[in-house]
Amino acid sequence: MLTRKQFELLSFINSRLRESGVSPSFDEMKEALKLRSKSGIHRLITGLEERGFIRRLPHRARALEVLRMPDDMAADAQAARAGSRRGFRPTVIKGDFRPALSGVVADSNGGSGEAVSVPLYGRIAAGTPIEALRDHQRAIEVPSLLLGRGEHYALEVAGDSMVEAGIVDGDTIIVQRCDNAENGTIVVALIDDTEVTLKRLRRKGASVALEPANKGYETRIFGPDRVQVQARLIGLMRRY
């Protein structure tokens with residue numbers, strides 16, 4: 001699954017390589033995607049590289065190789081254009097989930113222990129942040145004892161930055177919708193209204209830190225207006 005921006009960047013790089021045989025510069029990518037800084041391009045390239053769409057060629061400046069394109073280019077292009085017309089915003093944990101969550105709110109005293117159906121909305125990055133997209137067709141059965149009051153849904157984990165918290169690539173997490181969380185809580189966080197990631201929340205003064213549980217990743221620190229808590233982790237389901 002590619003985000004709209006990842007798809008746009010991959011298409012732009014592929015087009016330039018076909019036209020000239022030379023990768024576009026970071027400034028050209030930034031202008032083409034209408035981003036304010038090159039740091040966003042770095043994140044998008046890293047995400048494409050991790051997902052096996054591109055490869056950086058060693059010892060060569062501006063050297064990128066497109067390894068593959070999405071299986072359904074037409075569908076992805078249509079989705080990207082539709083997202084651009086709407087002014088794309090990630091739809092993970094928005095307030096319009098109530099109709100889809102009928103019967104998902106469990107009794108806070110533990111309920112009956114029966115399984116309830118919880119919507120499964122796309123993949124959440126546990127490494128490079130990605131935009132988590134809502135899938136209306138998928139749901140999973142979750143023991144009602146796992147759920148408390150409020151709205152819940154599930155996300156698939158992509159990446160390895162939370163492995164030391166016992167969360168690995170391919171896991172399914174259950175989250176509870178909220179807009180605030182205590183320090184040390186693992187949360188779904190929305191960054192700059194464009195990126196969604198799973199990290200441990202730390203606040204100190206006016207700063208907000210999103211902390212991985214993997215020594216190979218760095219903690220990212222933001223101003224308070226750049227991060228919105230969307231949900232908190234309450235459970236994990238794994239199939240062996």
Side-chain angles (χ1 to χ4, degrees), residues 1-10 26 29-30 33-51 79-80 83-84 86-97 121-135 151 153-165 167 169 171 173 175-214 216-234:
M1 176 189 297
L2 290 182
T3 69
R4 180 173 62 86
K5 285 296 185 185
Q6 285 174 340
F7 175 83
E8 289 178 357
L9 181 59
L10 180 62
F26 275 56
M29 296 181 204
K30 178 175 69 98
L33 270 67
K34 296 181 172 59
L35 296 180
R36 287 177 293 183
S37 70
K38 287 188 283 189
S39 62
I41 296 297
H42 281 282
R43 290 196 298 269
L44 292 170
I45 286 178
T46 299
L48 289 171
E49 189 175 28
E50 288 178 347
R51 287 161 178 78
S84 179
R86 289 193 301 268
F88 181 84
R89 288 174 63 87
T91 52
V92 121
I93 321 180
K94 295 294 181 182
D96 60 346
F97 282 2
Y121 295 137
R123 290 170 68 83
I124 182 78
T128 303
I130 61 172
E131 294 154 313
L133 302 178
R134 192 160 121 191
D135 185 341
E151 300 173 10
Y153 63 95
L155 290 165
E156 293 178 351
V157 173
D160 63 356
S161 76
M162 298 302 289
V163 293
E164 292 168 18
I167 303 169
D169 184 72
D171 280 349
I173 58 171
V175 297
Q176 180 184 49
R177 185 182 184 274
C178 65
D179 56 15
N180 202 357
E182 296 180 355
N183 270 351
T185 303
I186 296 176
V187 301
V188 176
L190 177 65
I191 305 169
D192 293 334
D193 287 333
T194 58
E195 300 175 343
V196 184
T197 189
L198 181 71
K199 293 290 182 291
R200 195 177 299 278
L201 179 72
R202 302 285 186 189
R203 287 192 179 93
K204 186 174 183 180
S207 298
V208 178
L210 297 178
E211 179 181 282
N214 183 331
Y217 291 80
E218 293 183 356
T219 297
R220 300 173 67 192
I221 300 175
F222 303 90
D225 58 337
R226 295 184 60 192
V227 176
Q228 300 174 41
V229 174
Q230 302 275 277
R232 66 183 184 90
L233 178 69
I234 65 166

Engineer: Once side chain to side chain contact (heavy atoms under 4.5 Å, CB included) is applied, do any residues pair with S207, and if so which ones, sequence neighbours excluded?
Structural biologist: I221

Engineer: Heavy atoms only: give me the nearest I186-A165 pair and the separation to one decimal.
Structural biologist: CD1-CB, 4.0 Å

Engineer: Using the side chain to side chain donor-acceptor pair (under 3.5 Å) criterion, which residues pair with S39? Sequence neighbours excluded.
Structural biologist: S37

Engineer: Measuring from atom CD1 of I173 to atom CZ of R232, what distance do you get when rounded to the nearest 0.5 angstrom?
Structural biologist: 12.5 Å

Engineer: With sequence neighbours left out, write down each residue that passes side chain to side chain donor-acceptor pair (under 3.5 Å) with D225, or none if nothing qualifies.
Structural biologist: none

Engineer: Compare every heavy atom of K38 with every heavy atom of K30, then report the nearest pair and how far apart it is.
Structural biologist: CD-N, 3.8 Å

Engineer: To check you understand the geometry: which heavy-atom pair defines the closest contact between I124 and V188, and what is its length?
Structural biologist: CD1-CG1, 4.0 Å

Engineer: Do K5 and L35 come within less than 4.5 Å of each other through their side chains, counting heavy atoms only?
Structural biologist: yes

Engineer: So, taking the atom named CG in L210 and the one named NZ in K199, what distance separates them when rounded to the nearest 0.5 Å?
Structural biologist: 7.5 Å

Engineer: Could you tell me the separation between the CZ atom of R226 and the CD atom of E195, rounded to the nearest 0.5 Å?
Structural biologist: 8.5 Å

Engineer: Find the distance between CG (D171) and CG (L155) and round it off to the nearest 0.5 Å.
Structural biologist: 12.0 Å

Engineer: Please identify each residue that fulfils side chain to side chain contact (heavy atoms under 4.5 Å, CB included) with V163, with sequence neighbours left out.
Structural biologist: D160, V168, N214

Engineer: For G47 versus Q6, what's the shortest heavy-atom pair and its separation?
Structural biologist: CA-NE2, 3.9 Å

Engineer: So T197 and R220, do their side chains get closer than 4.5 Å, heavy atoms only?
Structural biologist: no

Engineer: Could you check whether atom CG of N183 has more than 12 heavy atoms from other residues, nucleotides or ligands sitting under 6.0 Å from it?
Structural biologist: yes

Engineer: Do V196 and L190 have side-chain heavy atoms sitting under 4.5 Å apart?
Structural biologist: yes

Engineer: Show the nearest heavy-atom pair for residues A181 and L201, with the distance to one decimal.
Structural biologist: O-CD2, 3.5 Å

Engineer: Only counting residues at least two apart or in another chain, list the ones meeting side chain to side chain contact (heavy atoms under 4.5 Å, CB included) with R202.
Structural biologist: R200, A209, E211

Engineer: Please find the pair of heavy atoms, one from V227 and one from A189, that lie closest to each other, and give the distance.
Structural biologist: CG1-CB, 4.1 Å

Engineer: Roughly how far, to the nearest 0.5 Å, is CZ of R203 from CD of E182?
Structural biologist: 10.0 Å

Engineer: Tell me if a side-chain donor or acceptor on D179 pairs with a main-chain N or O of V229 at a distance below 3.5 Å.
Structural biologist: no

Engineer: To the nearest 0.5 Å, tell me how far L33 CG sits from R4 CZ.
Structural biologist: 8.5 Å

Engineer: Who are the side chain to side chain donor-acceptor pair (under 3.5 Å) partners of E164, not counting sequence neighbours?
Structural biologist: none

